[in-house]
Undergrad: 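A single structure is presented below for examination.
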Amino acid sequence: MRAHLAHRHAFFGGPEGLRLITDEALPRLAPAARHGARPAADDEAKDVAALATWHGWDAVARIVPPETARRARIIAATYPLQLLCFAIAGCRPAEEIERALTRANDAYTG
């Protein structure tokens with residue numbers, strides 16, 4: 001199955017994904033949003049965040065250790081930044097980048 005999976009960070013800049021988050025996406029956020037987004041960008045935990053977004057955090061909390069669930073929530077918090085990086089890395093139109101930026105600002109200041 002692994003052969004059919006995209007490589008790490010493939011959809012938000014590939015090997016440059018984390019650099020895009022810290023050097024390009026975070027500085028574009030409003031200051032209040034940047035403060036909320038920075039902890040999510042600094043944590044590498046991937047664990048079960050994707051499963052939790054599909055199956056619910058309550059379901060995940062019943063089957064993983066509390067520390068894993070905590071780290072999964074942190075990584076799920078990177079999703080708005082990942083969408084912004086996807087738009088930046090893909091050289092998407094300015095209005096699409098702006099829409100991703102607005103959503104990220106809203107997510108981290110909400």
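Computed from a prediction, not measured in an experiment: that's the story for all the values here.
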Undergrad: For A72 and A49, which heavy atoms make the closest approach, and how far apart are they?
TA: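 Looks like O-CB, 3.2 Å.
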Undergrad: Side chain to side chain donor-acceptor pair (under 3.5 Å): which pairs involve residues 100-110, sequence neighbours left out?
TA: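 Of all non-adjacent pairs touching residues 100-110, none passes side chain to side chain donor-acceptor pair (under 3.5 Å).
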Undergrad: How many angstroms lie between CD1 in I21 and CD in Q82, if you round to the nearest 0.5 Å?
TA: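 Here the rounded value is 5.5 Å.
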Undergrad: Nearest 0.5 angstrom please: D58 CG to I63 CD1, how far?
TA: 12.0 Å
Undergrad: Can you name the side-chain contact (heavy atoms from CB on, under 4.5 Å) partners of R73, sequence neighbours left out?
TA: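 Counting only residues at least two positions away or on another chain, R73 forms a side-chain contact (heavy atoms from CB on, under 4.5 Å) with W57.
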Undergrad: Can you see which heavy atom on L29 is nearest to which on L84, and at what distance?
TA: CD2-CD2, 4.5 Å
Undergrad: Sequence neighbours excluded, which residues qualify as side-chain contact (heavy atoms from CB on, under 4.5 Å) partners of V60?
TA: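 By the side-chain contact (heavy atoms from CB on, under 4.5 Å) rule, V60 matches V48, A52, V64.
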Undergrad: Looking only at non-hydrogen atoms, find the nearest pair between I97 and A87 and report the distance.
TA: CG1-CB, 3.8 Å
Undergrad: Please round to the nearest 0.5 Å and tell me the distance separating atom CG of L81 and atom CD1 of I88.
TA: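 Between L81 CG and I88 CD1, I get 9.0 Å after rounding to 0.5 Å.
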Undergrad: Can you list everything that forms a side chain to side chain donor-acceptor pair (under 3.5 Å) with R70? Sequence neighbours excluded, please.
TA: E67
Undergrad: Run the numbers on R34 and R28 for side chain to side chain contact (heavy atoms under 4.5 Å, CB included), then give the verdict.
TA: CA-CA 8 Å; R34 195 175 311 132; R28 293 180 190 217; over 6 Å; no
Undergrad: Residues two or more places apart in sequence or in another chain: which of them pass side-chain contact (heavy atoms from CB on, under 4.5 Å) with A77?
TA: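 Only A40 meet the side-chain contact (heavy atoms from CB on, under 4.5 Å) criterion with A77.
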Undergrad: Any salt bridge (Lys or Arg N to Asp or Glu O under 4.0 Å) pairs touching residues 80-99, not counting sequence neighbours?
TA: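 Non-adjacent pairs meeting salt bridge (Lys or Arg N to Asp or Glu O under 4.0 Å): R92-E96.
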